[in-house]
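Below is one structure, written out as structure tokens; the observations come after it.
What you see below is based on every heavy atom in this structure, not just the backbone, and it leaves out hydrogens, waters and symmetry mates. Lettering of chains follows the sequences in order, A, B, ..., and the numbering in each one begins at 1.
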There are 2 protein chains.
Amino acid sequence: MGGGRPRDTGVEERVVAVAREMLREGGYARFAVDQVADRAGVAKTTVYRRWPSRDHLVVAAVATFLDDVAIEETGDLRADLVRIAAAIAAGLGQPGIRLLVSELIAAGARQPDLAASVYQLWARRRAASLDLFAAAVGQGEQADDVDPGLILDQIIGAVYYRALITGDPVDDDYLKRLVSAALAGAGVSSGGLA
Amino acid sequence: MGGGRPRDTGVEERVVAVAREMLREGGYARFAVDQVADRAGVAKTTVYRRWPSRDHLVVAAVATFLDDVAIEETGDLRADLVRIAAAIAAGLGQPGIRLLVSELIAAGARQPDLAASVYQLWARRRAASLDLFAAAVGQGEQADDVDPGLILDQIIGAVYYRALITGDPVDDDYLKRLVSAALAGAGVSSGGLA
DNA sequence: TCCATTTCGCTACGCGAGTAGCGTAACAGA
DNA sequence: TCTGTTACGCTACTCGCGTAGCGAAATGGA
């Protein structure tokens with residue numbers, strides 16, 4: 001049996017590239033599959049043959065530009081944690097990003113087969129943050145019986161919670177208190193106060 | 001100048017009641033404004049004259065049945081916190097509720113004028129949780145120099161974070177460790193270990 | 001009674017998501 | 001070259017959100 005017409009391998013790349021641009025230009029709200037298809041020089045049906053829904057395409061596009069943001073490590077665990085939390089808070093402070101993040105979360109809830117892909121998006125950044133703890137342990141900056149995951153959950157979770165759910169402000173003072181409390185709760189000695 | 005035709009005051013009540021039913025039956029996904037209007041015996045345009053979007057109506061409907069769930073206070077701060085966190089985790093474990101919560105969050109991000117209303121939904125439950133701390137202080141169970149809001153953020157935030165964003169499991173063991181860490185971070189004496 | 005005003009119901013429309021079906025193009029193998 | 005198979009483009013469709021415009025109903029005031 002013959003192999004049939006081969007898939008145009010350029011389609012994935014072109015469509016995702018256009019999708020990324022459209023996300024940058026108009027955000028999630030103005031992201032229209034028809035327009036993506038047009039600008040990519042592809043039929044809408046062809047798009048839907050690879051990504052079963054608009055959200056699938058959005059997730060695929062976001063996955064390609066989430067790696068751009070790097071985390072700076074200074075070696076000072078507490079300071080690094082504050083910086084990471086501040087970066088997240090700053091991002092969620094922008095309406096466009098807040099909308100995109102919210103929609104990505106909702107996308108995972110709307111379509112179960114997308115959940116894993118969405119979790120994967122945050123997992124990368126979380127893994128990078130966890131590295132900070134390993135480095136801190138290596139430098140004897142802290143004991144190794146603490147649970148880095150738990151500490152991160154408390155810090156990052158609180159930031160997302162306030163920014164997305166309660167709407168409370170997330171300023172620098174709050175972040176310092178938050179990180180201090182989370183570290184103290186895990187028994188990490190207070191390297192340096194506020 | 002004459003007063004014009006008076007508004008049918010029964011419309012608000014009837015429409016919200018039907019909306020609540022439809023949410024219970026089919027969740028957020030199957031919630032259609034047309035059907036709500038039909039079942040309420042009202043024209044779709046009339047619905048849109050009061051609630052400018054589907055999300056506005058959903059928020060109005062959710063606001064009427066969120067008060068049903070009460071929080072049980074036993075007087076044991078730690079146990080109560082674990083129970084509250086477990087209740088939230090259990091709720092978010094249900095696909096329908098997880099979707100609804102996600103969509104409500106996204107609704108606030110989509111339409112700025114809805115954000116305040118959505119925050120208000122969670123604010124009531126948060127206020128009830130904060131009361132636990134006041135009671136605990138009254139009973140001398142803890143010092144009064146702790147920041148209840150910060151502790152709640154760490155606990156509730158972590159639960160939402162794991163359930164909605166990272167997708168990590170939220171089991172009982174995790175919750176106990178979480179509450180213990182949050183309380184310890186605030187300097188609350190460990191009333192009882194795991 | 002006549003008029004201005006406001007609400008209501010209805011029809012029709014535009015838009016974007018997602019689907020179905022058809023003809024055609026691009027292959028592999030006989 | 002002929003056949004089977006798969007991908008592509010295109011048209012047309014359904015569905016739900018949200019809007020525009022019209023005539024009728026329900027009021028208060030002249």
Side-chain angles (χ1 to χ4, degrees), chain A residues 1-16 18-19 22-23 25-61 99-100 103-104 106-114, chain B residues 1-16 18-19 22-23 25-61 99-100 103-104 106-114:
Chain A
M1 33 192 102
R5 175 173 178 172
R7 276 202 152 187
D8 183 346
T9 54
V11 168
E12 264 86 359
E13 208 174 341
R14 263 181 298 152
V15 171
V16 169
V18 171
M22 302 254 330
L23 271 183
E25 295 175 9
Y28 184 92
R30 301 190 197 284
F31 185 91
V33 179
D34 299 83
Q35 295 180 25
V36 173
D38 281 354
R39 281 172 54 165
V42 165
K44 185 174 64 161
T45 46
T46 296
V47 174
Y48 275 102
R49 280 183 191 111
R50 329 225 164 183
W51 299 276
S53 81
R54 172 185 133 146
D55 282 332
H56 283 80
L57 180 53
V58 170
V59 170
L99 174 60
L100 181 58
E103 293 288 2
L104 288 173
R110 279 190 283 254
Q111 305 174 357
D113 68 298
L114 251 180
Chain B
M1 31 193 101
R5 175 174 177 171
R7 275 203 153 187
D8 183 347
T9 54
V11 169
E12 265 86 358
E13 209 175 340
R14 263 182 297 152
V15 171
V16 169
V18 171
M22 303 253 331
L23 271 183
E25 295 174 10
Y28 184 92
R30 301 190 198 286
F31 186 91
V33 179
D34 299 84
Q35 295 180 25
V36 173
D38 281 355
R39 280 171 54 164
V42 165
K44 185 175 66 162
T45 46
T46 296
V47 173
Y48 275 102
R49 280 182 190 113
R50 329 227 163 180
W51 298 276
S53 81
R54 173 182 124 134
D55 281 332
H56 283 79
L57 180 52
V58 170
V59 170
L99 174 60
L100 181 58
E103 293 288 3
L104 287 174
R110 278 190 284 255
Q111 306 177 0
D113 69 297
L114 252 180

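- OP1 or OP2 of D/dC8 has not a single side-chain nitrogen or oxygen of A/Thr46 nearer than 4.0 Å.
- Between B/Glu25 and B/Arg30 there is no salt bridge, since no side-chain N of the basic residue sits under 4.0 Å from a carboxylate O of the acidic one.
- For A/Asp38 and D/dC10, the CG to C1' distance is 12 Å, given to the nearest whole Å.
- At the heavy-atom level, B/Arg30 lies nowhere under 4.0 Å from the strands shown.
- In plain terms, the two heavy atoms of B/Ala61 and B/Leu23 that are nearest each other are CB-CD1, 4.1 Å.
- Using a 4.5 Å cut-off on side-chain heavy atoms (C-beta onward), B/Val33 and B/Trp51 make no contact.
- Judged by the 6.0 Å distance and 45° axis criteria, A/Arg54 is positioned over the aromatic ring of A/Tyr28.
- Between the CZ atom in A/Arg39 and the CE atom in A/Met22 there is a gap of 5.5 Å [rounded to 0.5 Å].
- For CD of A/Glu13, the number of neighbouring non-hydrogen atoms (other residues, nucleotides, ligands) closer than 6.0 Å is 12 at most.
- Separating the CZ atom of A/Arg110 from the C1' atom of C/dG18 is a distance of 14 Å, rounded to the nearest angstrom.
- Following rounding to the nearest Å, A/Arg7 (CZ) and C/dA28 (C1') show an atom-to-atom distance of 18 Å.
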Heteroatom pairs (N/O) under 3.5 angstrom, protein to nucleotides 16-19 of chain D:
residue	atom	partner	partner atom	Å
D/dC17	OP1	B/Phe31	O	3.1
D/dC17	OP1	B/Val33	N	3.4
D/dC17	OP1	B/Arg54	NH1	3.4
D/dC17	OP2	B/Val33	N	3.1
D/dC17	OP2	B/Asp34	OD1	3.1
D/dG18	OP2	B/Tyr48	OH	3.0
D/dG18	OP2	B/Arg54	N	2.6
D/dG18	N7	B/Lys44	NZ	3.0
D/dG18	O6	B/Lys44	NZ	2.9

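- Whole-Å rounding puts the A/Arg49 CZ to C/dC22 C1' distance at 11 Å.
- Residue B/Arg5 places none of its side-chain N or O atoms closer than 4.0 Å to OP1 or OP2 of D/dG23.
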